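The following block contains the structure, expressed as structure tokens.
All values derive from a computational prediction rather than experimental measurement. Within every chain, numbering begins at 1; the chains are lettered A, B, ... in the order of the sequence lines, protein sequences first and strands thereafter.
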2 protein chains.
Amino acid sequence: MTEDTADGGQCPTPERFTQARAAQSMAVLEDYAEMIDDLAQELGEARITDIAARMGVTHPTATKAVARLKREGLAVSRPYRGVFLTEQGAALAARVRMRHRVVVDLLVAVGVPQETAEIDAEGLEHHVSDVTLKAFETFLARR
Amino acid sequence: MTEDTADGGQCPTPERFTQARAAQSMAVLEDYAEMIDDLAQELGEARITDIAARMGVTHPTATKAVARLKREGLAVSRPYRGVFLTEQGAALAARVRMRHRVVVDLLVAVGVPQETAEIDAEGLEHHVSDVTLKAFETFLARR
DNA sequence: ACAGAAATGTAGCCAAGGCTATAAATCAAG
DNA sequence: CTTGATTTATAGCCTTGGCTACATTTCTGT
């Protein structure tokens with residue numbers, strides 16, 4: 001028995017919300033890391049302007065996000081130059097991209113239209129735990 | 001062809017992020033509305049202290065959230081008294097609860113352990129569009 | 001009825017993630 | 001090489017959602 005509230009999971013515990021909030025605080029970092037990785041592959045480097053345009057924000061917002069990435073050791077950059085991911089940042093981007101792909105595939109597999117799957121996955125992916133991701137992969141492999 | 005970027009959906013559009021951010025701004029409202037509804041059913045009314053405890057936050061944080069609910073016309077309350085959902089708030093709570101249940105069921109159906117499904121659903125549910133929700137229901141009905 | 005406990009309100013701080021406006025640096029032509 | 005366009009930085013503001021600390025109100029038990 002993993003339930004100690006004896007309600008079959010109907011009463012959300014505070015921890016669930018705490019966990020969801022923690023996941024959310026990672027979401028922006030993940031999105032930017034992936035985007036920087038995308039741009040690096042496509043254009044050789046990620047410029048603030050391009051990052052901002054693709055994220056749908058203004059450039060000061062992108063600058064702030066990059067500042068946070070740098071603080072967290074996920075990216076490096078010099079003034080008026082492009083942004084580059086650290087090894088750690090690149091690893092995060094790789095994990096995020098993989099997870100995104102699995103989530104989209106799972107959604108499509110259960111009948112969600114491709115375009116809707118892509119849109120929803122952008123929000124969903126940050127809340128998919130490792131256990132759930134594994135389950136998705138297993139499900140996809142079995143059909 | 002719904003794709004105008006000709007990359008098969010590999011390049012996220014700014015709109016996707018904008019949409020994900022919009023969904024996120026509704027998340028707190030949804031969680032609190034559902035929680036207030038839970039407490040109203042269980043205890044007859046939702047007190048700030050109980051809301052805070054269940055959401056895993058301090059009471060001033062809960063007070064602020066309730067203030068926002070009131071501003072949005074989803075709840076009403078008088079000083080030092082319980083919080084009650086408006087008709088609109090109750091409708092939101094009902095939708096949220098239904099969506100939560102479907103998401104959990106879908107996760108379990110594809111092989112996610114019940115407890116993990118409950119935890120992940122808390123974050124996931126806010127990003128499930130109507131189209132995706134419909135697809136989930138259809139998938140669940142077919143098996 | 002009143003004192004202490006519990007609940008609620010309020011003020012003020014912080015970080016994050018938006019924004020606009022303005023300044024400074026870089027780049028690209030002519 | 002200089003000028004104008006583009007890019008980047010910076011300052012400052014807003015909202016949200018956390019928090020602590022403190023004031024006030026309500027509730028409870030003797």
Side-chain angles (χ1 to χ4, degrees), chain A residues 14-36 39 43-84 122-123 126-127, chain B residues 14-36 39-40 43-72 74-84 122-123 126-127:
Chain A
E15 288 72 33
R16 285 186 200 160
F17 294 104
T18 302
Q19 192 151 330
R21 286 192 293 268
Q24 194 53 39
S25 86
M26 279 294 303
V28 175
L29 254 11
E30 292 176 347
D31 283 337
Y32 277 86
E34 189 180 6
M35 184 58 76
I36 290 167
L39 289 166
L43 311 173
E45 67 175 350
R47 306 302 304 232
I48 286 287
T49 298
D50 298 327
I51 296 170
R54 293 235 186 144
M55 295 299 296
V57 297
T58 57
H59 55 90
T61 299
T63 302
K64 272 196 194 178
V66 168
R68 194 177 160 207
L69 281 177
K70 290 169 74 172
R71 235 190 308 136
E72 308 268 351
L74 298 170
V76 290
S77 75
R78 295 193 345 260
Y80 297 97
R81 290 291 179 260
V83 181
F84 300 92
E122 208 60 66
H126 305 290
H127 299 275
Chain B
E15 289 72 33
R16 285 186 199 160
F17 294 105
T18 302
Q19 193 151 330
R21 285 192 293 267
Q24 193 53 38
S25 86
M26 278 293 305
V28 174
L29 254 12
E30 292 175 348
D31 283 336
Y32 276 87
E34 188 181 7
M35 184 58 77
I36 289 167
L39 290 166
L43 312 172
E45 66 175 350
R47 306 303 304 231
I48 286 286
T49 298
D50 297 327
I51 296 170
R54 293 235 187 146
M55 295 299 296
V57 297
T58 57
H59 69 260
T61 298
T63 301
K64 273 194 193 177
V66 168
R68 192 175 161 208
L69 282 175
K70 291 170 74 172
R71 236 189 308 138
E72 307 269 350
L74 299 170
V76 291
S77 74
R78 294 190 347 258
Y80 297 98
R81 291 289 178 260
V83 180
F84 300 91
E122 208 60 67
H126 306 290
H127 299 275

Interatomic distance, R68(B) CZ vs dT16(D) P [rounded to whole Å]: 5 Å

Considering all heavy atoms, the nearest I51(A)-A62(A) contact: CG2-CB, 4.3 Å

T58(B) side chain near dC19(D) phosphate (N/O to OP1/OP2, under 4.0 Å): yes

Criterion side chain to side chain contact (heavy atoms under 4.5 Å, CB included) on Q24(B) and V28(A), from CA distance to verdict: CA-CA 12 Å; Q24(B) 193 53 38; V28(A) 175; over 6 Å; no

Sugar-phosphate only, base, or nothing, as touched by P60(A) at under 4.0 Å among non-hydrogen atoms: base

Whole angstrom value for the distance that separates P of dT8(D) from CD of E45(A): 8 Å

Any T49(A) side-chain N or O less than 4.0 Å from OP1/OP2 of dT7(D): no

Nearest-Å distance for atom pair CD1/C1', residues I51(A) and dT6(D): 16 Å

Side-chain donor/acceptor of R47(A) to backbone N/O of Y80(A), under 3.5 Å: yes

Distance, rounded to the nearest Å, where F17(B) contributes CZ and dC19(C) contributes C1': 19 Å

Separation of atom OH in Y32(B) from atom P in dG17(D), rounded to whole Å: 8 Å

Toward the 5' end of DNA chain C, by each residue's nearest nucleotide, P79(A) or R71(A): R71(A)

R81(B) CZ - dT26(D) C1' separation (whole Å): 7 Å

Among dG18(C), dC19(D), dT8(D), the one nearest I48(A) by side-chain distance: dT8(D)

Whole-Å gap separating C1' (dT6(D)) and CZ (R47(A)): 11 Å

Is_stacked (H59(A), dT8(D)) at 5.5 Å, 30 deg: yes

Separation of dT8(C) P from R78(B) CZ (nearest whole Å): 13 Å

Residue V28(A), side-chain heavy atoms: nucleotide from dG17(C), dT10(C), dT25(D) that is nearest: dG17(C)

Side-chain N or O of R21(A) closer than 4.0 Å to phosphate OP1/OP2 of dA16(C): no

Qualifying residue, where the test is side chain to side chain contact (heavy atoms under 4.5 Å, CB included) with L69(A) and the options are V76(A), V83(A), I36(A): I36(A)

Approximate separation, where rounding is to 0.5 Å, of E34(A) CD and D31(A) CG: 7.0 Å

Y80(A), nearest nucleotide to its side chain (from dG17(D), dA9(D), dC19(C)): dA9(D)

Under-4.0 Å side-chain N/O to phosphate OP1/OP2 contact, T63(B) with dT8(C): no

